[in-house]
Student: 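Mind having a look at this structure? Questions to follow.
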2 protein chains.
Amino acid sequence: MPLTLKDIARKAGVAESTVSRALNDKPGVSEEKRKEIIQIARKHNYQPNQLAQGLAKQETHMIALLLSQLENPDYTEIIKNIERSANRAGYQIILCNTDGKPQKEKNYFELLKQNIVDGAIIVGGRLTEKNILNIVLNEEAPIVLLNRLSEEITIPSVLIDKNRGGYLAGQHLVDQGLQEIAAIMGPEDNYQESEKINGFEKALYDNDLTANPRLIKSGPLERGHGYNSFLELMEQGEMPDGFFVSHSLLAAGLTEAIKMGGYHIPGDFPIVCYGDNLISSIINPSLTIISEPLAEAAHQASNKIISLLKGETISQQISVLKPSINVRDSSLPQFKNNKK
Amino acid sequence: MPLTLKDIARKAGVAESTVSRALNDKPGVSEEKRKEIIQIARKHNYQPNQLAQGLAKQETHMIALLLSQLENPDYTEIIKNIERSANRAGYQIILCNTDGKPQKEKNYFELLKQNIVDGAIIVGGRLTEKNILNIVLNEEAPIVLLNRLSEEITIPSVLIDKNRGGYLAGQHLVDQGLQEIAAIMGPEDNYQESEKINGFEKALYDNDLTANPRLIKSGPLERGHGYNSFLELMEQGEMPDGFFVSHSLLAAGLTEAIKMGGYHIPGDFPIVCYGDNLISSIINPSLTIISEPLAEAAHQASNKIISLLKGETISQQISVLKPSINVRDSSLPQFKNNKK
DNA sequence: TTGTAAGCGTTATCAC
DNA sequence: GTGATAACGCTTACAA
C-alpha cells in the first residue's frame, strides 16, 4: 500500500490540509513547515493519488487522442509529438484508436462524459459526425481537431494547407521546365486530395499552363494504382514529362513502373511526391517531397487543448500550417548517380 | 454537468446503493426494480464516473503502455493490437513513450505508484533497469514484458524467437543452393542481433556449411550501412552468393547498391530480410522476409496483463513466439518481371 | 498560519 | 430486498 496524504500528515504532525497546501505550493503555510513537509514527503517517496485528486478537483490531467488508424507513418509522427508536449505540460495521453469503426469512436467519446479525460484531440478521419461532436460540444470537455474538418461548428483546429502543398509541387515542376505534368492522386472524393490537385492546377495556371485532365489519375491509395497509372498513360499515348504524386505509396508503384519501362528518374520523369519521410527516402531515387510540419501541428494541437483546459482563451481558433518542399534526387535536374 | 448516481437514485425513488447494485449486476435487487432502474439510467444516458469508481474499487481499468520509441513500424503494429484487445476487455491504454530517456521512463513509472493505472506493458527497449523494475515489482502493479528481457527476476513476458528467425532465413537461403551467404546485421553488441546471427549460423552448420566471418557486416541500423557493406564486400573480393539482412532499412541500402552495381535480385543475389511488412514491400523486388507474429505477441501480452489484473494465475509466465518466413520476389529462384 | 469538515461520485458494509 | 453510512484519497471553504 502506498502511503497517503493522511500518513504524511501524521508523520509531520500536522493536518492533511496543511500537507495538501504545502505540496501544492499554495499559500497559507509557513515556509518552515512547508520545507519540512516536502522533506518528509520526498523521503517517503509520497505520490499523490491522481484518482482522488481528479475526483476532488474535477480534472484528471488526461487527454484522449482519437485517431482512425495507426498505420500511417504521418500519424506516428503526430502521436509522438503530441505525447511529448502533453507530457511536458503534465498531461497523459489515452490512446484511442477508433480503427475507423463508428462504434469504437462512439465508445471512446463516452470517456469524455465519464470525466475520465479532461479533453480530446481528434486527428484526421472523415468529417466529424455531427451527432457525436454536437453532443460533446454542448456538454463538456474541450476538443481540438487536427487535420480534420468540422463543418457545423467552429472547433479549435490545426490544419495543414494541402492546397498550398499542391501549389508548391506544381511550381517546382514547372520550374524544371515541365509542361505536361501528370498527377497520380488518391481517391477522387477525398477532400484533402481535391485540395492538393486544386493547388497543383493553380500553379500551372499561374504559369500560363493548363492541366490536362486526362493526365490526372485518381484511385485508391495503393501502390498498384501508382504502377497502373503509368501503364495507362503509356496506353493513352499521352506521355507526360513529369509527375505530381499525392502519396508515397503511389510513388512506390509509379517509380517501379517507370524503371521497369526502362526510363530514368528524374532524367525522363522528374517526380514530386506529397508524402512522408520514411517511405519516400527508401524509394530510389529518393523522392522530392512536399513535407508537412507534422511535429509543429502536433505541438500546436496540444498547446491549444492545454490552454483550453487551463481556461485560457486561445488566440487563434483555427491555425493553418504551410507545408514546404524538400528537394531530393527525384526532381533534381542535374541528377547524378553519385550517392554514397 | 453529467448526472450522478444520486440523481438516478432520486429519479427512481430508491437509495444510491440500490442503483449501484442494479447497474452493476449485483445480487440484492428485485428483478423488477433492476429493470426499472436500468431503464431510467439509460433514458438519461447516465455514465458512471470512472474516477469515483476507481477510487472506490481501487482500480482504474487503465494500462500503461511503455515503449522507448514510436517510429518503428513494428511498434505501431504492436500498439495497435494491444489497444484492440485491451479495449475489447474494457481497458484503456495510456501511451507512455519514454523516447529512450531514462528520466521519462522513471516518470512514467510513477503512474503505477499513483494508482492511475492498474498495470503496465513494457515493450522492447534495453535490459530492464533493475532499480525501476525491482521497485515496481516489490510494490504494486503487475507488469508484462514484450520483447524485452528481464535478467533479475522472472516477469511475465512475451518474446519472439529471433534465433529461430535467423535459422529460417539461413535454411531458406541454403535451400536455394547458396553456399557463401553474407549477413548484413545491426549493431554487434545488441542481444537480439546476436540471436539472429546465431540462428543463421546454426542453419549453415546443420547443412554442413560454415559461416564465413568476413561475410558478416555489423553496423548501425541505417540504410547507409547496407549500401556500404556491399561495396566493402566487393573491395574485399569476396563476393557472396546471397544475403541475410537483419532489418529492412539495411536491405533498402543493400538492394540499392546491388542494383547500382548492375546486378540482379534475386538472379545474382537472393536476399532474405528480417523485417517489417511496410518497408520490405516497397523495396523492389519485394523482399522475402522473416516475419514476426507481432499481432499475436501483442494480444498475448494484453491477455497476460488482464489475467493478472483479474487475479487469475497465468499458465505461462513466459511465452516464446516463433517467426515465420514469407517468401517473396527477392529470393524466388524463378523470379520473373511479371509483377502487376 | 493552521485545523476541521464537507464534499467529489462511487462501492461496500452494515443494519433493518 | 433495501437503505443509511462509512470508506476511497484528496481539495477547499470555513473556522479557529
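Throughout, protein chains are lettered first and strands after them, A, B, ... in sequence-line order, and every chain is numbered starting at 1.
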Student: Using atom CD1 of A/Ile8 as one end and atom C1' of D/dG9 as the other, report the distance to the nearest whole Å.
Tutor: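 Result: 13 Å.
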
Student: The criterion is side-chain hydrogen bond (donor to acceptor under 3.5 Å, both in side chains); which residues satisfy it with A/Asn190, sequence neighbours excluded?
Tutor: none

Student: Identify whether any heavy atom of A/Pro48 sits under 4.0 Å from a base atom; if not, whether one sits that close to sugar-phosphate; answer base, sugar-phosphate or nothing.
Tutor: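 The answer is sugar-phosphate, as A/Pro48 gets under 4.0 Å only of primed atoms, P, OP1 or OP2.
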
Student: Round to a whole Å and report the spacing from CD of A/Glu59 to P of D/dC10.
Tutor: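 About 15 Å, once rounded to whole Å.
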
Student: Would you please confirm or rule out a distance under 4.0 Å between OP1 or OP2 of D/dT11 and any side-chain N or O of A/Gln53?
Tutor: yes

Student: Toward the 5' end of DNA chain D, which comes first, A/Lys26 or B/Ser30, by nearest nucleotide?
Tutor: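 Of the two residues, B/Ser30 wins.
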
Student: For B/Leu5 and C/dG7, give me the distance from atom CG to atom C1', rounded to whole Å.
Tutor: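 Interatomic distance, CG of B/Leu5 to C1' of C/dG7: 16 Å.
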
Student: Going 5' to 3' through nucleotides 3-8 of chain D, assign each nucleotide B (protein heavy atom under 4.0 Å from a base atom), S (under 4.0 Å only from sugar-phosphate atoms) or - (no protein heavy atom that close).
Tutor: BB---B

Student: What is the distance, to the nearest angstrom, from the CD1 atom on A/Ile37 to the C1' atom on C/dT2?
Tutor: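 Taking CD1 of A/Ile37 and C1' of C/dT2, I get 10 Å after rounding.
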
Student: Check this one for me: any side-chain N or O of B/Tyr46 less than 4.0 Å away from OP1 or OP2 of C/dT10?
Tutor: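 Affirmative; the distance criterion is met.
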
Student: Should we say atom CD of B/Glu32 is surrounded by more than 12 heavy atoms from elsewhere, each under 6.0 Å from it?
Tutor: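 No, because the 6.0 Å sphere around CD of B/Glu32 holds 12 heavy atoms or fewer from other groups.
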
Student: Hey, is B/Glu36 close enough to B/Lys33 for a salt bridge, meaning N to O under 4.0 Å?
Tutor: no

Student: Looking only at the side chains, is there a donor atom on one of A/Tyr108 and B/Asn87 sitting less than 3.5 Å from an acceptor on the other?
Tutor: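 Judged by distance alone, the side chains do pair up.
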
Student: Once you apply a heavy-atom cut-off of 4.0 Å, does B/Glu31 come out as touching a base, just sugar-phosphate, or nothing?
Tutor: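 Answer is nothing: B/Glu31 stays at 4.0 Å or more from every strand.
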
Student: Whether B/Glu83 and B/Lys80 form a salt bridge (side-chain N of Lys/Arg under 4.0 Å from carboxylate O of Asp/Glu) is what I want to check.
Tutor: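 Between B/Glu83 and B/Lys80 there is no salt bridge, as every charged N stays at least 4.0 Å from the carboxylate O atoms.
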
Student: In this structure, how many angstroms lie between the P atom of D/dC10 and the CD1 atom of B/Ile116, rounded?
Tutor: 12 Å

Student: B/Val158 and side chain to side chain contact (heavy atoms under 4.5 Å, CB included): which partner among B/Lys304, B/Glu296, B/Gln316?
Tutor: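 Testing B/Val158 for a side chain to side chain contact (heavy atoms under 4.5 Å, CB included) against B/Lys304, B/Glu296, B/Gln316 leaves exactly one candidate, B/Lys304.
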
Student: Taking atom C1' of D/dG9 as reference, at what distance in whole Å does atom CG of A/Asn24 sit?
Tutor: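 These atoms are roughly 13 Å apart.
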
Student: Could you state the atom-to-atom distance from CG of A/Leu23 to P of D/dT11 in whole Å?
Tutor: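 Distance check: A/Leu23 CG to D/dT11 P gives 8 Å.
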
Student: Hey, can you pull the donor-acceptor pairs under 3.5 Å for the side chains in residues 11-28 of chain A, sequence neighbours left out?
Tutor:
from, atom 1, to, atom 2, distance (Å)
A/Ser20, OG, A/Asn24, ND2, 3.3
A/Asn24, ND2, A/Ser20, O, 2.8

